[in-house]
Colleague: 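Just dropping this structure here.
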Amino acid sequence: MALPLVIATWRFPQKTLNHLATHAQVVCWESDCPVTREWLLEHVPEAEGLCCLLTDQIDEDVLQLGKQLRVISTMSVGYDHIDIPTCTARHILVGYTPGILTETTADLAFTLLMAAARRIVEGADYVRQGHWKEWKPNLLLGQDIFGTTLGIVGFGRIGQAVAQRAQGFGMKVLAVRSPRQDHEDMEAGGVVEIHNHESSNTPPVTFVDLPTVLMQSDFVSLHVPLTSDTHHLMGMSEFDVMKPSSILINTSRGAVVDPSALYQALQQGIIGAAALDVTDPEPLPVSHPLLTLPNCLVIPHLGSASTATRSLMADMAVENVIAGLRGERLPNCVNPEVYQ
Ligand code: DGY
């Protein structure tokens, strides 16, 4: 019997690909650049499985053509690039890769926090550009991390892992679980003091609403998924209530922050600095105004980018697609309601 066709918008590591090839005929986009729309639309009509990346828009047009699709597997924890309601309506299972990238992404969020606080990139540039001629008492002064307050917006797996790291730095942790919801549920400015332990190794956290996190934190780290509720969650009215010294860290999705408002807030000193792993648009063009600001550190969406984690993500993505083709439960499924 012919094996089902799986198309993949990137080339999996050979070992992972060999495993997938025992269950499916596999056609991969072979280039290192993102898949072209033409390639995707040309190949999806025959495919029963689709392995994609967070850069691929799996929208109505793709799903319309993909009449044979039974399973879509993204190698990411975020799935805002996939039209989930349409997949569910068409009984297409969607797999994703939660959990395995939590610690790696939390490491990166904390790396950005520290790099921005202590002006590490500016310091490295200063040396490379030959400006380091003597030691000066007021050269590139940054901000302390130990003993300050960290505000975590979105207290899921990654937010909790960032809170654990903050504990080692003696930080007070404020968190907002689900920004819009908490905002509605609490009186403006109200604080609900819940010294909560989400799991046995989660440090004490005080849950407050978004305005309180913004007003009281020295660092604000974003960990919400991108949805219609969180799109441009951080705009001018949010920056306006933050401390002028505060540092924003974003490792979630670029569009959670309004980039024009962020530019103004950084340029006018409304907030102190920003460190961004994700941007809107992404990639950020080199001519973008944010890149003219010394207090804005931007890196190219490296949250889960360790060799070990990316390899685990590839394996998990392949396990999801294989399970879908075999009519089994996906180990990690976005829309389990399809089974009902
Ligand atoms: C994800 O998996 O959604 C991350 O953004 C990748 O780093």
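Order of listing sets the numbers, starting from 1, for every ligand and every atom in it. Quick caveat, the model's predicted, so the values are computed rather than measured.
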Colleague: Relative to the heavy atoms of S76, which atoms of ligand 1 are at a distance of less than 4.0 Å?
Modeller: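 That gives atoms 1 (C), 2 (O), 3 (O) of ligand 1.
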Colleague: Checking D209 against T212 for the side-chain hydrogen bond (donor to acceptor under 3.5 Å, both in side chains) test, could you report, in this order, the C-alpha distance in whole Å, the side-chain angles of both residues, the deciding distance, and whether it holds?
Modeller: CA-CA 5 Å; D209 62 7; T212 309; 2.5 Å; yes
Colleague: For ligand 1, which atoms have a heavy atom of S304 less than 4.0 angstrom away?
Modeller: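 Result: 6 (C), 7 (O).
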Colleague: Can an N or O of G78 be found at a distance shorter than 3.5 Å from an N or O of ligand 1?
Modeller: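 Between G78 and ligand 1, an N or O pair is found under 3.5 Å apart.
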Colleague: So does L93 get a backbone contact from the side chain of N335, meaning a donor-acceptor N/O pair under 3.5 Å?
Modeller: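 Not confirmed, N335 side chain does not pair with L93 backbone.
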Colleague: Which atoms of ligand 1 sit under 4.0 Å from any heavy atom of L101?
Modeller: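 Counting from 1, the qualifying ligand atoms are 2 (O).
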Colleague: Is the distance between the ring centroids of F169 and F146 under 6.0 Å?
Modeller: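 Distance test on ring centres: not under 6.0 Å, no.
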Colleague: Quick one: does R253 get within less than 4.0 Å of ligand 1, heavy atoms only?
Modeller: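 Yes; R253 lies near enough to ligand 1 that a heavy-atom distance drops under 4.0 Å.
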Colleague: May I ask you to decide whether D107 forms a salt bridge with R165, counting only side-chain N to carboxylate O separations under 4.0 Å?
Modeller: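 Salt bridge: yes.
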Colleague: Check for me, please, whether Y263 and V278 land in the same ILVMFWY cluster - side-chain distances under 4.5 Å, paths through other members count.
Modeller: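 Not linked; separate clusters.
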Colleague: To the nearest 0.1 Å, how far is atom 4 (C) of ligand 1 from its closest protein heavy atom, and which atom is that?
Modeller: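 Protein heavy atom with the smallest distance to atom 4 (C) of ligand 1: H301 NE2, 3.8 Å.
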Colleague: Report the part of V278 in contact with ligand 1, treating N, CA, C, O as backbone and CB onward as side chain, heavy atoms under 4.0 Å; options are side chain, backbone, both, neither.
Modeller: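 For V278, there is no contact with ligand 1 at all, from either part.
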Colleague: Strictly below 4.0 Å, N to O, side chains only: are R37 and D59 in salt-bridge contact?
Modeller: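 Yes, charged N to carboxylate O under 4.0 Å.
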Colleague: Of all the non-hydrogen atoms in the protein, which one sits nearest to atom 2 (O) of ligand 1, and at what distance?
Modeller: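 Going atom by atom, the protein heavy atom closest to atom 2 (O) of ligand 1 ends up being V77 N, 2.7 Å.
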